[in-house]
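Here is the structure we will look at.
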Amino acid sequence: ILTRTAAWFTDSFVSTLIRVPIGRRGAIGPPELVALGGDWAPGPSINANGIVATPNGKQLIVAQVEAPEGGTAAYYLVPADGDAAAVEATRIELDTTVAGADGLVLAGRTLYSVSSAGVTKIRLSGRLDHGRVVETLEVPGAESPTTADIFGRRLYVVDAKFSTFGAPSTTYQVTAIRR
């Protein structure tokens, strides 16, 4: 995800983000590792995965596929406006559990979290520190939904087809669903 000052990436196998600074006139700096601290605790397998920036670019929301306490997804607010080597991640408290998390899309205060179960629609508080799961949207015909983006009134969801990933005969799809 891009902010005004950096490109941010997750490394799904460690509790670290990668920040690539963007300087004046678009100059690209060297990649920097940013350790996740605070409420963040390493999960049992895949860790930092989905990532999205808030509209002002000062915070990121990072998804953890499997939180250590029970294998369900967790979401964290992470500061994105500094250049520290470690940041304090603050867990976003939800009213219920979410089965998994991969790609994230933020539209206003609505967070869309893509997983193999579909797209979970989460309504966040004004401070983004609490959320209410509204519904899980089905992605018809998709085997492994992984990420999405918004265009107009629809979400366009990518199907990674993990069961046949990389096979020459695999055909991939993008499915449009109503938000």
Side-chain angles (χ1 to χ4, degrees), residues 1-12 15-22 34 36-41 43 46-67 72-84 87-139 142 144-160 174-179:
I1 193 74
L2 293 173
T3 65
R4 289 183 204 170
T5 60
W8 291 86
F9 303 88
T10 59
D11 181 336
S12 299
S15 299
T16 303
L17 299 179
I18 302 161
R19 177 181 51 230
V20 178
I22 302 172
V34 179
L36 293 167
D39 293 342
W40 187 278
I46 299 175
N47 277 278
N49 208 24
I51 187 170
V52 68
T54 58
N56 67 7
K58 293 185 177 186
Q59 292 182 313
L60 305 170
I61 297 175
V62 178
Q64 186 177 38
V65 178
E66 297 178 72
T72 61
Y75 304 89
Y76 297 84
L77 280 172
V78 176
D81 56 354
D83 60 359
V87 292
E88 297 291 312
T90 303
R91 188 162 179 166
I92 298 171
E93 297 300 326
L94 298 181
D95 64 337
T96 189
T97 59
V98 176
D102 198 345
L104 299 179
V105 177
L106 184 63
R109 289 190 350 237
T110 302
L111 179 67
Y112 296 93
S113 177
V114 183
S115 74
S116 59
V119 179
T120 303
K121 185 176 180 179
I122 302 167
R123 184 73 173 155
L124 297 172
S125 65
R127 293 179 40 196
L128 307 177
D129 60 348
H130 288 80
R132 177 178 55 86
V133 174
V134 177
E135 64 182 320
T136 299
L137 305 168
E138 183 182 343
V139 185
S144 308
T146 54
T147 194
D149 208 349
I150 292 175
F151 185 76
R153 294 178 182 247
R154 298 186 185 277
L155 273 173
Y156 289 82
V157 183
V158 176
D159 185 359
V174 175
T175 302
I177 62 173
R178 288 189 179 275
R179 297 196 287 149

Shortest non-hydrogen contact between [X] and [Y], atoms and distance:
X: S113; Y: A101; result: OG-CB, 3.5 Å
X: T136; Y: A117; result: CG2-O, 3.7 Å
X: I150; Y: G152; result: CG2-O, 3.6 Å
X: L128; Y: R109; result: CD2-CG, 4.3 Å
X: A7; Y: I22; result: N-CD1, 3.9 Å
X: R178; Y: L137; result: O-CD1, 3.8 Å

Mind running side chain to side chain contact (heavy atoms under 4.5 Å, CB included) on D159 and V139 for me, showing each step along the way?
CA-CA 9 Å; D159 185 359; V139 185; over 6 Å; no

Give the intermediate values and the outcome of side chain to side chain contact (heavy atoms under 4.5 Å, CB included) for residues T90 and D129.
CA-CA 8 Å; T90 303; D129 60 348; 5.5 Å; no

Let me confirm one number: the [atom1]-[atom2] distance from [X] to [Y], rounded to the nearest 0.5 Å.
X: T120; Y: E135; atom1: OG1; atom2: CD; value: 9.5 Å
X: H130; Y: E93; atom1: NE2; atom2: CD; value: 5.5 Å
X: I92; Y: Y75; atom1: CD1; atom2: OH; value: 9.0 Å

Close side-chain approach of [X] and [Y], heavy atoms under 4.5 Å:
X: V174; Y: V158; result: yes
X: V62; Y: W40; result: yes
X: Y112; Y: V114; result: no
X: W8; Y: V78; result: no
X: L106; Y: L124; result: yes
X: T5; Y: R19; result: no
X: I177; Y: V157; result: yes

Walk me through whether D149 and L155 qualify under side chain to side chain contact (heavy atoms under 4.5 Å, CB included).
CA-CA 6 Å; D149 208 349; L155 273 173; over 6 Å; no

Quick check: are there more than 12 heavy atoms from other residues, nucleotides or ligands sitting under 6.0 Å from CG of D95?
yes

Is R154 atom CZ crowded by more than 12 heavy atoms from other residues, nucleotides or ligands, each under 6.0 Å away?
yes

Ignoring hydrogens and angles, tell me if any N or O in the side chain of K121 forms a donor-acceptor pair with the backbone of T110 under 3.5 Å.
no

Does any N or O in the side chain of Q64 come within less than 3.5 Å of the main-chain N or O of A41, such that one atom is a donor and the other an acceptor?
yes

For residues 49-61, which side-chain N or O atoms pair as donor and acceptor with protein atoms under 3.5 Å away, sequence neighbours left out?
unit_1	atom_1	unit_2	atom_2	d
N49	OD1	S12	OG	2.6
N49	ND2	D102	OD1	2.9
T54	OG1	N56	OD1	2.9
T54	OG1	Q59	N	3.3
T54	OG1	Q59	O	3.2
N56	OD1	K58	N	2.9

Contacts of type salt bridge (Lys or Arg N to Asp or Glu O under 4.0 Å), residue R132, not counting sequence neighbours
none

Walk me through whether T16 and L36 qualify under side chain to side chain contact (heavy atoms under 4.5 Å, CB included).
CA-CA 6 Å; T16 303; L36 293 167; over 6 Å; no

